[in-house]
Amino acid sequence: QVTLVESGGGLVQAGGSLRLSCTASGRTFSSAEMGWFRQAPGKEREFVAAISWYGTRIYIVYADSVKGRFTISRDAARNTVYLQMNTLKPEDTAVYSCAAREPIYRELKDPTTYSYWGQGTQVTVSS
């Protein structure tokens, strides 16, 4: 059983930064596909960023709305994926969740294809 635990959310002023962490336990992924998604009140879950690794090959993709501001990365030794969020905007306010799946070599932006989910962490950006 894989468990994902997010941390790092909080309240920040517009223009500020936060770093979210997602730590996996239960197994070590030598290859996997992991993503960050967010959901604001009254809105559908939205793709934010994803990272996939297959041995030494790494692929990263971002939503257009966060490109240039957010950076996804991975620390294999800690079994952790990070989301560094800079230049935050009020519209970034949402519950952020990480998700993981075994490699299926398909679209990374579809949340329905992920098998494991964290509990989510609240990010609030004040104007």
Side-chain angles (χ1 to χ4, degrees):
Q1 180 66 26
V2 174
T3 301
L4 303 177
V5 178
E6 302 102 332
S7 61
L11 172 64
V12 65
Q13 288 189 331
S17 298
L18 284 173
R19 188 178 78 158
L20 305 183
S21 301
C22 174
T23 300
S25 62
R27 61 165 289 182
T28 299
F29 291 97
S30 59
S31 297
E33 295 161 348
M34 294 187 69
W36 284 97
F37 295 82
R38 65 187 182 186
Q39 189 166 20
K43 294 188 177 182
E44 291 189 355
R45 181 173 285 169
E46 176 187 27
F47 169 76
V48 177
I51 183 169
S52 58
W53 60 94
Y54 317 101
T56 58
R57 293 177 294 153
I58 298 175
Y59 299 95
I60 290 174
V61 62
Y62 297 99
D64 289 342
S65 58
V66 307
K67 202 172 294 183
R69 299 188 298 123
F70 291 11
T71 302
I72 190 170
S73 61
R74 170 185 173 241
D75 185 333
R78 291 179 168 81
N79 227 20
T80 298
V81 170
Y82 301 100
L83 185 68
Q84 177 67 43
M85 306 185 295
N86 298 328
T87 319
L88 283 161
K89 305 175 181 179
E91 51 263 44
D92 294 318
T93 295
V95 174
Y96 284 70
S97 300
C98 68
R101 69 190 190 197
E102 302 288 348
I104 60 173
Y105 306 98
R106 289 174 57 189
E107 173 61 60
L108 290 166
K109 300 179 180 180
D110 183 357
T112 66
T113 62
Y114 287 80
S115 304
Y116 310 105
W117 287 85
Q119 81 287 354
T121 184
Q122 177 70 46
V123 171
T124 303
V125 184
S126 63
S127 57

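- Under the 4.5 Å side-chain heavy-atom criterion for Ile, Leu, Val, Met, Phe, Trp and Tyr, Ile58 and Trp36 are members of the same hydrophobic cluster.
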- request: Decide yes or no on side-chain contact (heavy atoms from CB on, under 4.5 Å) for Arg101 and Leu108, but give the supporting numbers first.
  value: CA-CA 10 Å; Arg101 69 190 190 197; Leu108 290 166; 3.5 Å; yes

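- Residue pairs meeting the ring pair (Phe, Tyr, Trp, His ring centres under 6.0 Å) criterion with at least one member in residues 62-94: none, sequence neighbours excluded.
- Interatomic distance, Arg45 CZ to Asp110 CG, rounded to the nearest 0.5 Å: 11.0 Å.
- The shortest distance between side-chain heavy atoms of Ser21 and Arg78 does not fall below 4.5 Å.
- Between Thr121 atom OG1 and Leu18 atom CG the span is 8.5 Å, to the nearest 0.5 Å.
- In the hydrophobic cluster analysis, where Ile, Leu, Val, Met, Phe, Trp and Tyr join through side-chain heavy atoms closer than 4.5 angstrom, Leu83 is grouped apart from Tyr59.
- Looking at Thr3 and Gln119, their side chains never come closer than 4.5 Å, going by heavy atoms from C-beta outward.
- The two atoms that bring Gly35 and Tyr114 nearest to each other are N-CE2, 3.7 Å, heavy atoms only.
- In this structure, CD in Glu6 is found 12.0 Å from CD in Gln122, a value given to the nearest 0.5 Å.
- In terms of heavy-atom proximity, Leu4 sits nearest to Cys22 at CB-SG, 4.0 Å.
- A continuous path of Ile, Leu, Val, Met, Phe, Trp and Tyr side chains, each step under 4.5 Å between heavy atoms, connects Tyr116 with Ile51, placing both in one hydrophobic cluster.
- When side chains are defined from C-beta on, Met85 counts as touching Leu20, because their heavy atoms get closer than 4.5 Å.
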message: Glu33 vs Tyr54, test: side-chain hydrogen bond (donor to acceptor under 3.5 Å, both in side chains). Steps then yes/no.
response: CA-CA 9 Å; Glu33 295 161 348; Tyr54 317 101; 2.6 Å; yes

Output a table of donor-acceptor pairs, distance under 3.5 Å, between side-chain atoms of residues 92-100 and any protein atom two or more places apart or on a different chain; print 'none' if there are none.
residue, atom, partner, partner atom, Å
Asp92, OD1, Arg38, NH1, 2.9
Asp92, OD1, Arg69, NH2, 3.0
Asp92, OD2, Arg69, NH1, 2.8
Asp92, OD2, Arg69, NH2, 3.4
Asp92, OD2, Lys89, N, 2.8
Thr93, OG1, Pro90, O, 2.9
Thr93, OG1, Val125, N, 2.9
Thr93, OG1, Val125, O, 3.4
Tyr96, OH, Arg38, NH1, 2.9
Tyr96, OH, Asp92, O, 2.6

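- The shortest heavy-atom contact between Val48 and Val66 is O-CG2, 3.4 Å.
- Going from atom OG1 of Thr80 over to atom CE of Met34 covers 8.5 Å, rounded to the nearest 0.5 Å.
- Minimum interatomic distance between Trp117 and Pro111 (heavy atoms only, all atoms of both residues): CZ2-O, 3.4 Å.
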